[in-house]
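Reviewing the structure listed below.
Just so we're clear, the structure is a prediction, and the values are computed from it rather than from any experiment.
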Amino acid sequence: MAQALTLARPYARAAFETAHAEGKLADWSRALAFAAAVSGDARVQDLLNDPRVQPAQLVSLHLPSGMEAGAPFGSFLAALADQRRLSLLPEVEELFDELKRESEHTLLVKVTSALALDAAQAETLKASLKRRFKREIEIEAHVDAALLGGVVIDTGDEVIDGSARGRLARLATALTH
């Protein structure tokens, strides 16, 4: 995966710069999400390495409906197809979205909780995190019953463990040392 991220980085940067110059970051993000989903399909993965399949055919397969192959996104896909790098689309999408969030001063926060957060709890948490990090917050919520209670907040750079399981582990450590 590290090699795929290394190979995908210049493509993601080029896609971001093109989308940013056009003022179409959201459109490119949606198009990349579609193309990455297509690329991730097992049936398509077999086609990506088949020398009988022409790059133009692969491009048309990865284009969202209503988008033309001559459009900037189509040209981007054609460049990937010519280099047989369409399999990198999931990594390109991930890196593009990171660049997009960075340019919009938005922080992706992964919240893992023992129970699903309702809308009011998510909004309260989002407001609190916005005050702390002074950025817009995008929450990606997950449920893990093994936490017993509370939440674990992962910002990428910092992890705040407010789970009952984490508290019990800290208590056990304090009692044994």
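Taking CG of Asp27 as the start and CZ of Arg30 as the end, the distance is 4.5 Å to the nearest 0.5 Å. A distance of 15.5 Å separates CZ of Arg9 from CZ of Phe96, quoted to the nearest 0.5 Å. In this structure, Leu25 CG and Arg101 CZ are separated by 12.5 Å, a value rounded to the nearest 0.5 Å.
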Any chance you could lay out the side chain to side chain contact (heavy atoms under 4.5 Å, CB included) test for Leu48 and His62, step after step, and finish with the verdict?
-> CA-CA 11 Å; Leu48 294 178; His62 286 81; 3.8 Å; yes

Can you list the steps and then say if Ser65 with Phe34 is a side chain to side chain contact (heavy atoms under 4.5 Å, CB included)?
-> CA-CA 10 Å; Ser65 63; Phe34 175 83; over 6 Å; no

Derivation of the side chain to side chain contact (heavy atoms under 4.5 Å, CB included) call for Leu89 and Leu77 = CA-CA 9 Å; Leu89 278 167; Leu77 289 177; 4.1 Å; yes

Working for side chain to side chain contact (heavy atoms under 4.5 Å, CB included), residues Leu58 and Val53 | CA-CA 7 Å; Leu58 293 172; Val53 180; 3.6 Å; yes

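Formation of a donor-acceptor pair under 3.5 Å by the Gln57 side chain with backbone atoms of Gln54 is found in this model. Distance alone, capped at 3.5 Å, is enough to place a donor-acceptor pair between the Thr124 side chain and the Ala120 backbone.
The 12-atom threshold is exceeded at CD of Glu104, counting heavy atoms of other residues, nucleotides or ligands nearer than 6.0 Å. Residue Leu108 qualifies as enclosed at atom CG: its count of foreign heavy atoms under 6.0 Å is above 12.
Each side-chain hydrogen bond (donor to acceptor under 3.5 Å, both in side chains) pair with one or both residues in residues 150-161, not counting sequence neighbours, appears once here: Arg132-Glu158, Asp161-Ser163. Every pair passing side-chain hydrogen bond (donor to acceptor under 3.5 Å, both in side chains) that includes a residue from residues 140-150 is listed here, sequence neighbours excluded: Glu140-His142. Residues in residues 66-75 take part in no side-chain hydrogen bond (donor to acceptor under 3.5 Å, both in side chains) pair, two or more places apart or across chains. Sorted by first and then second residue, the pairs that involve residues 35-44 and meet side-chain hydrogen bond (donor to acceptor under 3.5 Å, both in side chains), not counting sequence neighbours, are Asp41-Arg43.
Listed by chain and residue number, Trp28 satisfy the side chain to side chain donor-acceptor pair (under 3.5 Å) test with Glu22 (two or more places apart in sequence, or in another chain). In terms of the salt bridge (charged side-chain N to carboxylate O under 4.0 Å, His left out) criterion, Lys110 has no residue partners (sequence neighbours excluded). For Tyr11, the side-chain contact (heavy atoms from CB on, under 4.5 Å) test picks out Phe76, Leu80, Gln83, Arg85, Leu88, Val92, with sequence neighbours left out. Take Arg84 and apply the side chain to side chain donor-acceptor pair (under 3.5 Å) test, not counting sequence neighbours, and it matches no residue. The side chain to side chain donor-acceptor pair (under 3.5 Å) check on Arg52 picks up Asp50, with sequence neighbours excluded. Take Glu136 and apply the salt bridge (charged side-chain N to carboxylate O under 4.0 Å, His left out) test, not counting sequence neighbours, and it matches Lys130. Under the side chain to side chain donor-acceptor pair (under 3.5 Å) criterion, Gln121 pairs with no residue, sequence neighbours left out.
You'll find the side chain of Val143 stays beyond 4.5 Å of the side chain of Thr112, heavy atoms only. With contacts defined as side-chain heavy-atom distances shorter than 4.5 Å, the pair Leu32/Phe73 qualifies.
Asp97 and Lys100 are not joined by a salt bridge, as no carboxylate oxygen comes within less than 4.0 angstrom of a charged side-chain nitrogen.
Phe133 belongs to a hydrophobic cluster whose remaining members, ordered by chain and number, are Leu107, Val109, Val111, Leu117, Leu125, Leu129, Ile137, Ile139, Val151, Ile153, Ile160; membership requires side-chain heavy atoms of ILVMFWY residues under 4.5 Å apart, directly or through intermediates.
Nearest heavy-atom pair across Pro55 and Asp82 is CB-OD1, 3.6 Å. Here the shortest heavy-atom pairing between Glu91 and Ala8 reads CB-CB, 3.6 Å. Shortest non-hydrogen contact noted between Ala12 and Leu99 is O-CD1, 4.0 Å. Considering all non-hydrogen atoms of both residues, Gly74 and Leu63 come closest at CA-CD2, 3.9 Å.
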